[in-house]
Structures are given as C-alpha cells and as structure tokens.
Amino acid sequence: NLPPLLKRDFQPASGVEAITDSSSPGPVLRVMQWNLLAQALSTGDDNFVLCPSEALAWDHRKLHILEEILTYDATVVCLEEVDHFSYIRDNLAKVGYEGCFFPKPDSPCLYTPENYGPDGCAMFWKSAEVECISEDDINLCVASGEETNQVAILCELKYKTSQKAFFVAVTHLKSKKPYWELRHEQGKYLENRLLRQAKDSPLMVCGDFNAEPTEQVYATFKTSILSLSSAYCHLSSEMQEPEYTTWKVRGGSHGRQTEDAHCIDYMFYTQEHLQPVSLLKMPTGDEIGEKRLPSFAYPSDHLSLVVDFVFKD
Ligand code: NDP
Ligand code: CA
C-alpha cells in the first residue's frame, strides 16, 4: 500500500543549439545524480520533523528509492549517502547494472544507535552498454595534504559498441554552512585529480557539493580549465541554477523549525565534448507538498538530477 512516488517530466535544455545535424548524433547518455539520504541519518530528534515516521521506515523508503532510480533508467547513476549499498547493488543487478561503492573514512552513520555500516558515494552503470575501465576511490584532502572525511569516486567508462570513453566522478562535500573553506579545499583537490586523470576527455562531475552557487567551490568548477558547465542551468532561459535541489524542514533547539530550500547538488560537464539535450524538471513547491521532503511521496530530502547528453564529436 505504498503511496505513489512523485513523478516529474523532462524538459528540453535551453541555451543550446538544437541538434539539427542529420548525421546521427550518436547515443543519448543519460546520467542521474542523487543524494538518496542515508537511512541512518534519516531519523534523529532534530531531523525532518514534519515527515511521518512511517514514511522514513527503510521498508518503505527502499522501494521508492529503487523506483526513483528505475523510473529514469539512466546509463550512469551517481549516488551519495549510500548506507545500504548491497541492497541497491543486488536489486539493480537484476536489471543489468554493475556498480561500485566507496565509504567515508569515519561515517557519521556509524554513530547512530541503529546503523547499517558507513555511508559513502556509489556509482552504477548499465553493463550491457558500457564497461568500467578504471575506478579511482578518492579520499579528499585539504591543501596541507591531510585527509578529510569526505570522498569521491572517479570512473572511466567505455561504450561497448563504439569504444567511446568518458569519465564520471561522484562526490559529497562537507556539510553545513560554516565549512565553506573546507569545501573549497576539497573542491580544489578533486579538480586537481580530474586535471591529472581526466583532462581532455569527456567528463561529468556529479555530487552533493553542500554549496550554493555563490560559494567559492562552485566557482572553482565553473571556471576550471577543465572547461565545465553546469547542466541544470539549462533548465532556465536565464541560465541560472534551479532555486532548490533540496527542500526540508528540520527541528532546532527549543523546537524551533528551520526550512531550507536551496541549490547544492550539481552535474558539471565538459562543454567541448558534451551537450545536454533534456533535463528532468524540478517539482514545484505545491507538487513537493507543504511538509516538504522527505515525504510519503519522495524518499529523500534531495531531488534527483537527470540529464540526457549527446556527444558533440
Ligand atoms: P559531514 O558534514 O560531511 O556529514 C554529515 C552528514 O550528516 C551529511 O551526510 C549531512 O547531510 C548529514 N547532516 C547534516 N546535518 C544534519 C542534521 N541536522 N541531522 C542529520 N544529518 C545531518 O560530516 P563528517 O563526515 O565530517 O562527520 C561529522 C559529523 O559526524 C559530526 O558532526 C558528528 O555528528 C558525526 N561524527 C561523530 C563521531 C562521534 O560520535 N565520535 C565521529 C565522527 C563523526 P547533507 O550533506 O545532506 O547535509
Ligand atoms: Ca543529508
């Protein structure tokens, strides 16, 4: 008796030339980015106070999480806050995905009374279409070289038929507003790794950056010599990021509730190699509902980003 999952439509990408070339544009590469909300981080006194506890039960959430991923049927799926990797891997394997997982060194999930192991980043790909040539598990470091508690995965994937290769990275940067400098250093570290390992190749960088577009780490990726654009700017004719990719109400001290609707999830791509043609729209506030996220209709506080790309060459 599961209430229906929030359904969203696709929209053509704005600000890009329509593909008029009659020669075949090649396959559409659909990529999903989603912080699916770690089960161990979904409960707690200050957490998601407007969401009914039944909606947060894993037996309910796990079905909507799978449904969300299966609905959009992406070739590559990038996930953060995965603390039930084997459940997702075993179920996605039934429909032809392979995947990898890299946990955070000292995941906050491990400090919750009921937990399912550490959370981390994961990547899945459709193994009939693409194969993984290399996987790099990355501990993000600060400028001094010290490791932080945040991670990334960089995979090189290759189409089995055309042999065309491309890179996809997934990351989840440090949470909470005051840590903007740490996020900046983590972003610089990741950018450097990408410059060393993926320069001059088609590349998508997906993640929960925990940073609004005004933060330095966002500028690092937008102005990188990797020549990256942000896919979700193509949802608006003004080429602005969406107003929100996460919308939640948390309890605070003295029962004071705080509502956060902001844009912190991104999918960057190399503009000389890739062109977004279509994007999954963000739902309106009315569609999300007044109790915001997560809810009976959507299992995470973050909305998924789904983009169809074509290769330019
Ligand atoms: P991060 O900031 O990277 O991770 C915190 C995680 O918790 C993120 O996934 C974040 O989600 C989520 N989160 C943020 N705010 C809340 C909230 N109010 N309620 C529930 N979840 C939230 O931190 P680190 O990995 O660096 O770990 C630091 C945290 O982990 C500490 O604050 C501590 O609570 C806990 N910890 C505890 C230890 C201990 O008890 N000894 C040891 C190690 C860690 P999002 O990114 O979506 O905001
Ligand atoms: Ca979270």
Side-chain angles (χ1 to χ4, degrees), residues 33-51 53 55-56 58 61 64-65 68 78-85 101-122 137-142 144 146-153 170-187 189-190 206-212 215 217-218 242 244-267 288 292-295 298-305:
Q33 143 58 34
W34 194 27
N35 176 335
L36 52 69
L37 176 60
Q39 182 59 21
L41 302 177
S42 69
T43 51
D45 293 346
D46 66 336
N47 245 351
F48 311 128
V49 283
L50 301 185
C51 181
S53 57
L56 292 172
W58 177 243
R61 287 188 65 232
H64 269 172
I65 286 172
E68 176 77 355
C78 293
L79 302 172
E80 302 87 47
E81 284 199 26
V82 176
D83 65 347
H84 271 286
F85 177 69
F101 171 63
F102 190 47
K104 295 171 70 170
D106 188 21
S107 160
C109 294
L110 298 174
Y111 302 92
T112 63
E114 206 184 331
N115 72 74
Y116 319 89
D119 77 303
C121 293
D137 297 336
I138 301 173
N139 286 105
L140 297 175
C141 296
V142 286
S144 65
E146 200 183 326
E147 263 185 20
T148 69
N149 201 25
Q150 279 64 38
V151 299
I153 305 173
V170 54
T171 194
H172 184 190
L173 303 186
K174 175 73 181 173
S175 172
K176 298 194 176 82
K177 263 208 150 67
Y179 291 104
W180 64 271
E181 245 171 326
L182 178 50
R183 283 189 286 277
H184 175 51
E185 292 192 34
Q186 291 176 331
Y189 183 85
L190 180 58
C206 301
D208 172 359
F209 286 69
N210 269 312
E212 291 176 22
E215 264 197 36
V217 65
Y218 179 84
Y244 47 84
T245 56
T246 176
W247 195 339
K248 70 200 101 189
V249 178
R250 279 194 159 125
S253 52
H254 315 297
R256 199 174 300 139
Q257 293 174 0
T258 55
E259 183 161 354
D260 273 321
H262 56 172
C263 175
I264 57 175
D265 303 276
Y266 305 100
M267 196 185 294
I288 288 170
R292 308 317 179 193
L293 302 171
S295 70
Y298 201 78
S300 176
D301 54 328
H302 291 252
L303 294 153
S304 62
L305 314 186

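Along the sequence shown, residues are numbered consecutively beginning with 1. Start at 1 and go down the list; that is how both ligands and their atoms are numbered.
- Annotation for Y116: atom OH counts as buried by contact number, over 12 foreign heavy atoms lying within 6.0 Å.
- Protein heavy atom in closest approach to atom 34 (O) of ligand 1: P108 CB, 5.0 Å.
- For the pair H302 and ligand 1, a heavy-atom separation below 4.0 Å is found.
- When each atom of ligand 1 is checked for a heavy atom of K104 under 4.0 Å away, the hits are 1 (P), 3 (O), 4 (O), 24 (P), 25 (O).
- Regarding atom 32 (O) of ligand 1, its nearest protein heavy-atom neighbour is K176 NZ, 4.6 Å.
- At the shortest separation from atom 12 (C) of ligand 1 among protein heavy atoms lies L41 CD1, 4.0 Å.
- Nearest-heavy-atom check against atom 37 (C) of ligand 1 across F209, F48, Y111 picks out Y111.
- With salt bridges taken as basic N to acidic carboxylate O contacts below 4.0 Å, one links K177 and E212.
- Between the side chain of D208 and the main chain of H172, no donor-acceptor pair closer than 3.5 Å is present.
- At the top of the distance list for atom 43 (C) of ligand 1, counting protein heavy atoms only, stands D106 OD2, 3.2 Å.
- Between the side chains of Q150 and T171, no donor-acceptor pair of N or O atoms lies under 3.5 Å.
- Within the listing of ligand 1, atoms 45 (P), 46 (O), 48 (O) sit less than 4.0 angstrom from a heavy atom of N210.
- In terms of modelled atom types and a separation under 3.5 Å, the side chain of S107 and the main chain of K104 share no donor-acceptor contact.
- E81 contributes atom OE2 as its closest N/O/S atom to the Ca ion (ligand 2).
- For the residue pair R183 and N210, no side-chain donor N or O sits within less than 3.5 Å of a side-chain acceptor on the partner.
- For ligand 1, the atoms closer than 4.0 angstrom to any heavy atom of N149 are 24 (P), 25 (O), 26 (O), 27 (O).
- For ligand 1, the atoms lying closer than 4.0 Å to a non-hydrogen atom of H172 are 9 (O), 45 (P), 46 (O).
- E81 places no side-chain N or O within 3.5 Å of a backbone atom of G120 that could act as its donor or acceptor partner.
- In terms of modelled atom types and a separation under 3.5 Å, the side chain of S304 and the main chain of W34 share no donor-acceptor contact.
- Using a 4.5 Å cut-off on side-chain heavy atoms (C-beta onward), L37 and P294 make contact.
- Below 4.0 Å from some heavy atom of D208 lie the following atoms of ligand 1, by number and element: 46 (O), 47 (O).
- Nearest protein heavy-atom contact of atom 20 (C) of ligand 1 is N47 ND2, 3.3 Å.
- There is a protein heavy atom closer than 4.0 angstrom to atom 4 (O) of ligand 1.
- Side chain of N47 to backbone of G251: no donor-acceptor contact under 3.5 angstrom is found.
- Here the heavy atom of the protein found nearest to atom 48 (O) of ligand 1 is S175 OG, 2.8 Å.
- In terms of protein heavy-atom proximity, atom 18 (N) of ligand 1 is closest to D46 OD2, 3.1 Å.
- D83 places a side-chain N or O within 3.5 Å of a backbone atom of Q39 that can act as its donor or acceptor partner.
- The ligand atoms of ligand 1 that sit less than 4.0 angstrom from a heavy atom of N35 are 47 (O).
- Any N or O atom pair closer than 3.5 Å counts here, and D119 shares no such pair with ligand 1.
- In this structure, the side chain of R292 does not engage the main chain of W247 through any donor-acceptor pair within 3.5 Å.
- Remark: the backbone N or O of L36 is paired with a side-chain donor or acceptor of R61 at under 3.5 angstrom.
- Distance remark: protein heavy atom present below 4.0 angstrom from atom 46 (O) of ligand 1.
- Distances between N or O atoms of Q150 and those of ligand 1 include at least one value under 3.5 Å.
- Counting protein heavy atoms only, atom 23 (O) of ligand 1 is closest to K174 NZ, 3.1 Å.
- The closest non-hydrogen atom to atom 13 (N) of ligand 1, taken over E81, R250, R183, K248, comes from R250.
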